[in-house]
2 protein chains.
Amino acid sequence: MMVKDRANFNYFHFLILVHLLSIGGRNNYLEITSGQMSRIINRSQQTASKVLIDLERENLIERVKNNKKFGIRLTEEGYQTLQEIYIMLKKSIDNSKNNKIFFKGKIVTGMGEGAYYMSLEGYKKQFHDKLGYEPYPGTLNVRLEDKHYMISRKDLINQPSIHIEGFKNSDRTFGWVKCYAATIIQDVNINHDSNPVSKNIKEMDVHVLLLERTHHDNSLIEVIGPQSIKEVSNLKNGDTVIIKIKN
Amino acid sequence: MMVKDRANFNYFHFLILVHLLSIGGRNNYLEITSGQMSRIINRSQQTASKVLIDLERENLIERVKNNKKFGIRLTEEGYQTLQEIYIMLKKSIDNSKNNKIFFKGKIVTGMGEGAYYMSLEGYKKQFHDKLGYEPYPGTLNVRLEDKHYMISRKDLINQPSIHIEGFKNSDRTFGWVKCYAATIIQDVNINHDSNPVSKNIKEMDVHVLLLERTHHDNSLIEVIGPQSIKEVSNLKNGDTVIIKIKN
DNA sequence: ATTACTAAGGGACGAGTAG
DNA sequence: TCTACTCGTCCCTTAGTAA
């Protein structure tokens, strides 16, 4: 986001400009006093007067004195200023709607349990039907290190998911599994101010699992895919990866 | 326009909130430092730190400390705050597009010239063809009193208009006339903070004229209509009227 | 009525710095 | 490094008031 450094432009200046616009101050000189303006911004008449003087100096409004009162209207520059802010806000809000939850963590060795679970018929058929593929036998385990990723991971359970039913066989009960479509990619970037950025490395489509039996360990994420993620993406233990939930 | 009085919410708070949103701070905790924030608002790290503390206190952002750094994201309230401002701005801007130029003035006696000009064949036919009616012979003259209406009246020439050509007969030359579709209505309102408001009085569709020969007198507006405006609207000399240009 | 100047007080901003 | 405290300075807000 680029913000022009406007000398003498604070929240009151902004509010007064918006107010003038909303009551028709783009095409007409409005008869509105500093006293009325002061009520809009909840400050004294003197402060409102000062704001109006500032806005006039910055060429954001024009004023025409008539007797003791002023007629006031926005200048083209004043209108453009509001439009810029509007566009900036609109972009941010629109952008936020496409914005997905992501996690950063290191690949660690699993307990080998993953392979066992993936191979159980009770899960295998459901995975095949609901994910569209039979998972490679074995989960990729990613350990989160920053506390805020663990909080986000705890929030996962509230996100829309593909639900795999639990089942029992003669020996024991197997819990439900929630699957979240996601992409995984190696983290090779220096953080420039914000989002994860990738460099020539291919994202791989995967699913993040939330297992009934382990969903309280918020620092671990288990990931499955149609093929071995480590092999396809050439990843090894200790590598840092970024997992983006697709929603 | 209604503006919630937010204690501790100034332009910097607004800018930082927008920035967080634009880089994905709605769904994820972002690793962003007070130093980076200070560059966004062009203030010191200390001031940015203060702004973040304020935003957290006001429950507009959440922060999770991890070692020395924070992960930061917007709260639902923070997001709603930006959305409110966005909607307010959008309404103002949309509104301004429907906003028409208007004039307030008093009805005065014309020189009787109007009737003469209206009756000239060279104009009459063009009025009929371009306005769709033959004007009542005689113009209504409205005298502007506030200086800012005179400035707006001077701007009229830049607005889109219906152009009536001048002509000459054996005696002399008659100049062009620009016509602007407008409505006229008696001004009976106490100014409540803004726009002209009407009370049970019917607007009448008319045209404002700008005559080549008199367009330098910015305090006088000449109005024509299919019937006598004074009679139809029951107006007399000295009454204050509002003339809204329709564009 | 207005607008806006002056003076005074308080709050905001930033340098220095601790943790 | 990071955040955020203290404190000095300066700016902003407002009461009083002139025009």
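If you're wondering where the values come from, they're calculated on a predicted model, not measured in any experiment.
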**Q.** N-O pairing of B/D217 and B/R143 below 4.0 Å
**A.** yes
Q. Do A/D94 and A/K91 pass the salt bridge (Lys or Arg N to Asp or Glu O under 4.0 Å) test, and can you show the C-alpha distance, the side-chain angles, and the key distance before you say yes or no?
A. CA-CA 5 Å; A/D94 290 350; A/K91 274 188 196 158; over 6 Å; no
Q) Who passes side chain to side chain contact (heavy atoms under 4.5 Å, CB included) against B/K178, sequence neighbours left out? A) B/I157, B/S161, B/H163, B/W176, B/Y180, B/L210
Q) Does a nitrogen or oxygen in the side chain of B/S34 sit under 4.0 Å from OP1 or OP2 of D/dT3? A) yes
Q.
Can you measure B/K65 atom NZ to D/dT1 atom P for me and round it to whole angstrom units?
A. 17 Å
Q: Test A/L52 against A/S34 for side chain to side chain contact (heavy atoms under 4.5 Å, CB included), laying out the working first.
A: CA-CA 8 Å; A/L52 292 170; A/S34 55; 4.2 Å; yes
Q | Lys/Arg N to Asp/Glu carboxylate O, A/E76 vs A/R26, below 4.0 Å | A | yes
Q: May I ask you to say what B/T33 touches in the nucleic acid, namely base, sugar-phosphate or nothing, with a heavy-atom cut-off under 4.0 Å?
A: sugar-phosphate
Q) What integer distance in Å separates B/R43:CZ from D/dC10:P? A) 16 Å
Q. Taking the nucleotide of DNA chain C with the closest heavy atom to each, which residue, B/Q46 or A/L52, is nearer the 5' end?
A. A/L52
Q. Does anyone know the first and last nucleotide of DNA chain C in reach of chain B, 5' to 3', at under 4.0 angstrom to a heavy atom?
A. C/dC13 to C/dG19
(Q) From CD of B/Q45 over to P of D/dC2, roughly how many Å is that when rounded to an integer? (A) 9 Å
Q: Could you state the atom-to-atom distance from OH of B/Y11 to P of D/dC12 in whole Å?
A: 16 Å
Q) How are the rings of B/F14 and B/F9 set relative to one another: parallel (under 30°), tilted (30 to 60°) or perpendicular (over 60°)? A) perpendicular
Q) Roughly, in whole Å, what's the span from CG in A/N10 to P in D/dC12? A) 8 Å
Q) Starting at CG of B/L30 and ending at P of D/dC2, how long is that distance when rounded to a whole Å? A) 16 Å
(Q) Strictly below 4.0 Å, N to O, side chains only: are B/K246 and B/D205 in salt-bridge contact? (A) yes
Q) Over how many whole Å does the gap from B/R63 atom CZ to D/dC2 atom P extend? A) 14 Å
Q: Classify the nucleic acid contact of A/I53 as base, sugar-phosphate or nothing, counting any heavy atom under 4.0 Å across all strands shown.
A: sugar-phosphate
(Q) Expressed as a whole number of angstroms, how long is the span from B/K50:NZ to D/dC5:P? (A) 10 Å
